[in-house]
Amino acid sequence: MAPKRSTRASTRAADSSQGDAAPDGDDNDEVDVKKPVRGKRSASDRSEKKAKAEPPSIPLFSHWLMKSEPESRLENGIDVKFGIEDLKALPNQTGCWDGVRNYQARNFMRDMRKGHLAFFYHSNCKEPGIAGIMDIVKEAYVDHTQFDKKDVHFDASSKPDSPKWSMVDVQYQRMLQRFIPLSELKKYHLQHGANGGPLKSMALFTRARLSVQPLTSEEFQFVLDLENKAPI
DNA sequence: GCCAACGTTGGC
DNA sequence: GCCAACGTTGGC
């Protein structure tokens, strides 16, 4: 059975002990060791291989955009709503970004480092766009929801001794001074495509369906500067 | 609600 | 390894 949405979906708070009580050992289960399985490789193994990036010794990006749905929507009878206000409402304003079921999105989460910044993007809603900023507060570790039969993002093909899916913990930092709608970003994207400018190859438009995506520092800074400018 | 874009599956 | 069929994403 196919995985469902790759956007984040649950409202689970992050383990509040995450701070200093999350030593490296915890994260090490998550290393990319794929047991060499003898014999036939499944289609998903192949998909994963294709999506797998070269292991970069130096992280390429330090800014991110992560999508989640701020409006109620039932998936298998479960509400997948999780907007920036929901993150803000969690203990310590911190939550785990679970439910990502796309290899490229997962790989980007594995590239995230503590202290990286991410935009919280509202998707699949009345007004899509960037609502605020989060901090990455815990680096990639096993997404427990892949083993939970009751979870919307349960993945029967993932085994506890070689988990497929990872998540990070994020902490709410602040709202943008004004909501930056997708429509406005798109205007800049088109303008920059024609005349040059920082948003000309923004992943939001070139990789529209990717729920976790990188931004260059220039892209991030340009978007950030928009909060103090009048909408176009 | 529609549907284009694109990722995944699985037979061959 | 190819690729048609299928399923999901997410704007509109």
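Bear in mind the structure is a predicted one, so any value in this text is a computation, not a measurement. Throughout, protein chains are lettered first and strands after them, A, B, ... in sequence-line order, and every chain is numbered starting at 1.
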Checklist line | Whole angstrom value for the distance that separates P of dG10(C) from CG of L65(A) | finding: 10 Å
What protein N or O atoms touch nucleotides 1-4 of chain B N or O atoms at under 3.5 angstrom, if any, and at what distances?
none

Check: Does OP1 or OP2 of dG11(C) have a side-chain N or O of Y121(A) closer than 4.0 Å?
Finding: yes
Checklist line | Between dG7(B) (C1') and R106(A) (CZ): distance, integer Å | finding: 14 Å
Next item on the list: Return the value, rounded to whole Å, for the distance between atom NZ of K81(A) and atom C1' of dG10(C).
Entry: 18 Å
Item checked: Euclidean distance, atom CG of residue D155(A) to atom C1' of dT8(C) [Å, nearest integer] -> 15 Å
Margin query: Tell me whether the side-chain N/O atoms of R101(A) come closer than 4.0 Å to OP1 or OP2 in dT8(C).
Written below: no
Check: Between dG10(C), dG11(C), dC12(C), which nucleotide gets closest to the side-chain atoms of K67(A)?
Finding: dG10(C)
Next item on the list: Could you state the atom-to-atom distance from CD of Q213(A) to P of dA5(B) in whole Å?
Entry: 18 Å
Notebook entry, point to check: Within this structure, what is the CD1-to-P distance between I130(A) and dG11(C), rounded to whole angstrom?
Noted result: 12 Å
Next item on the list: Please confirm whether F120(A) and W97(A) have ring centers closer than 6.0 angstrom.
Entry: yes
Checklist line | Side chain of K186(A) - closest among dC12(C), dG7(B), dG10(C) | finding: dC12(C)
Next item on the list: Return the value, rounded to whole Å, for the distance between atom CG of N107(A) and atom C1' of dG7(B).
Entry: 14 Å
Next item on the list: Please determine, for the side chain of L182(A), which listed nucleotide (dT8(B), dC12(C), dG10(C)) has the closest atom?
Entry: dC12(C)
Next item on the list: Write down the distance between CD (E184(A)) and P (dG11(C)), rounded to a whole number of angstrom.
Entry: 16 Å
Notebook entry, point to check: Quick one: are N92(A) and Q171(A) in side-chain contact, heavy atoms under 4.5 Å?
Noted result: yes
Quick one: side chains of residues 190-201 of chain A, donor-acceptor pairs under 3.5 Å with protein atoms, not counting sequence neighbours, listed by atom name and distance.
residue: H192(A); atom: ND1; partner: L199(A); partner atom: N; Å: 2.9

Item checked: Side-chain heavy atoms of F205(A) within contact of L185(A), under 4.5 Å -> yes
Next item on the list: Indicate, with a heavy-atom threshold strictly under 4.0 Å, whether F205(A) touches base, sugar-phosphate, or nothing.
Entry: nothing
Checklist line | Sub-4.5 Å side-chain heavy-atom contact between M109(A) and D143(A) | finding: no
Notebook entry, point to check: Is NZ or CZ of K138(A) both nearer than 6.0 Å to the six-membered ring centre of Y141(A) and within 45° of the ring axis?
Noted result: yes
Next item on the list: Just call it for K126(A): base, sugar-phosphate, or nothing, with non-hydrogen atoms closer than 4.0 Å on any strand.
Entry: nothing
Check: In terms of side-chain heavy atoms, does S166(A) have a donor or acceptor partner in R110(A) at a distance below 3.5 Å?
Finding: yes
